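Read the structure below first, then the notes.
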Amino acid sequence: MSLTPGSPAFPHDPNGPAATFAAALVRLAATGELELAEVLLHAHHVAMKSEASDSAKFYELQLTLHDDALRLAVEKRDSIEEALAVVSAFSWKLVASPVPTELVELRSRLNAELADKGLPSVADIRFRVRPGGGTHNVAVHPSTASWEQIREIDGVLFDIGRRQTAWIQLTSLDASGFAAHPPEAVAASDRPVVFISYSVADEKYVDELRNHLAPIRRQLAEVWTFREIVAGEDHHQVIDDQLEQAAFGILMISAKFLASDYVADVELPKLTKGTSRLLAVIVGHCDHSEITRHLYAPWGLDPLSEMTEPERDRIYTQVAVALRQALGAES
């Protein structure tokens, strides 16, 4: 779900349209419309739009919903509009529309392949434009999905959708209107951050490397990938924060890494701005000369994809030793 105001000014609510929408959800849950609140919480897309005049008395809540949710929202239109009016003191009109056909078909195809692999179905597939440019698909996973399952599901989605993927997990509301299973707070750390930049298609090699970096994670540094994001967090903001803090970057370079708009437009510019020290590991054959020409990699630039497991272990060990030495010099 994303909130996109059609007007920058919502005079009744200094916190903006997102706060109004959240207050309406709490209101619905508190008045016994818990199912309806859940439907809105998990809407495919939400936008709030005012009329052109700043003094307009009517605002639109624009919802994009799947079939059953769409029917319920239309049936309960009065309840939704009343909840918004109560928390904002303005009149509201609900405009509901179905999810685009191509995304419905993508979800159906993905879930069919996941069923064949024994993986849980996703609740939704959403299309997003990234802040740094480009687009990606967002998979909405059930709260019961494990991290290992999420990795596998996103790999399947990447192969089908041909866009870099991202993920979120469903939360739910209790009768008081608050998340029944809120994410646990993660304590801030003053240890150096080692940011691993990679394509989700190459996650097998990232997992292998992380095993070799486990002692460093325990003793010296935060070794970070986007899988560390806690469900419910703004993943763009979390990634941006980690990039800003990164003392070291490990680039897992492949053709899919080079093809990623997010890597090219967001991660690499921040990692190469001069405050991070970079280590390059070549995952697959590709023209990486522009990235690696200023980087010294004592383990060489042969691709991991052509190595045996023991050969890859030798590379990962060299990376771990180099990183430990660099971290020791930094401390």
Side-chain angles (χ1 to χ4, degrees), residues 1-6 10 12-13 15-49 59-88 90 92-100 103-104 107 110-111 120-128 137-145 150 153 165-185 229-238:
M1 180 184 72
S2 72
L3 293 170
T4 308
F10 278 70
H12 58 283
D13 183 0
N15 293 318
T20 296
F21 186 77
L25 292 184
V26 172
R27 170 75 182 180
L28 287 168
T31 56
E33 295 281 8
L34 187 58
E35 181 184 6
L36 183 57
E38 289 275 5
V39 163
L40 301 191
L41 176 65
H42 302 140
H44 178 86
H45 186 71
V46 179
M48 303 176 77
K49 183 178 179 181
Y59 293 81
E60 283 186 355
L61 173 65
Q62 300 173 342
L63 296 178
T64 305
L65 301 161
H66 286 281
D67 292 344
D68 292 340
L70 182 62
R71 283 191 287 271
L72 180 61
V74 171
E75 177 186 335
K76 297 282 190 174
R77 179 187 303 272
D78 290 346
S79 297
I80 297 171
E81 293 175 346
E82 179 184 0
L84 284 161
V86 167
V87 300
S88 68
F90 279 75
W92 287 82
K93 176 184 177 183
L94 172 64
V95 178
S97 58
V99 175
L103 290 178
V104 174
R107 183 181 69 165
L110 174 63
N111 282 337
S121 299
V122 301
D124 202 1
I125 298 292
R126 298 170 186 167
F127 179 79
R128 291 290 180 267
N137 293 313
V138 177
V140 182
H141 300 277
S143 60
T144 54
I150 288 173
I153 292 169
T165 65
W167 59 270
I168 56 176
Q169 284 185 285
L170 288 175
T171 56
S172 59
L173 297 174
D174 61 19
S176 67
F178 295 98
H181 304 288
E184 295 180 2
I229 299 172
V230 176
E233 291 183 315
D234 181 336
H235 66 279
H236 289 302
Q237 186 60 55
V238 173

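Here the structure is a predicted model, which means the values were calculated and not measured.
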*Can you name the closest pair of heavy atoms from A73 and L36 and give their distance?*
CA-CD1, 4.3 Å
_What I'd like to find out is whether the side chain of L28 reaches to under 4.5 Å of the side chain of K76, using heavy atoms alone._
no
_Are F21 and L40 packed together at the side-chain level, in the sense that at least one heavy-atom pair is separated by less than 4.5 angstrom?_
yes
*Could you tell me whether the side chains of H42 and D124 share a donor-acceptor contact shorter than 3.5 Å?*
no
*Once you round to the nearest 0.5 Å, how far does NE2 of H45 lie from CG of L65?*
11.0 Å
*Supply the atom-to-atom distance L70 CG to S97 OG, rounded to the nearest 0.5 angstrom.*
7.5 Å
*asked:* Give me the atom names and distance for the closest heavy-atom approach of I153 to P120.
replied: CD1-O, 3.6 Å
*Considering all heavy atoms of both residues, which atom of R77 and which atom of L94 are nearest to each other, and what is their separation?*
NH1-O, 2.6 Å
*For the atom pair CG (D78) and CD (E81), what is the distance rounded to the nearest 0.5 Å?*
6.0 Å
*Which atom names give the shortest non-hydrogen contact between V39 and A69, and what distance separates them?*
CG1-CB, 3.6 Å
*Please name the pair of heavy atoms, one in A96 and one in V74, separated by the smallest distance, quoted to 0.1 Å.*
CB-CG2, 4.3 Å
*Considering non-hydrogen atoms only, spot the tightest contact between A83 and A24 and give its length.*
CB-O, 4.0 Å
_Nearest-0.5 Å distance that lies between atom CD in E60 and atom CE in M48_ = 11.0 Å
*Side chains of V122 and R107: does their closest heavy-atom pair fall under 4.5 Å?*
yes
*Side chain R126, main chain V140, donor-acceptor under 3.5 Å*: no
*Can you tell me how far CG of L63 sits from NE2 of H44, rounded to the nearest 0.5 angstrom?*
12.0 Å
*asked:* Nearest 0.5 Å, please: how far is CG in L34 from CG in L25?
replied: 10.5 Å
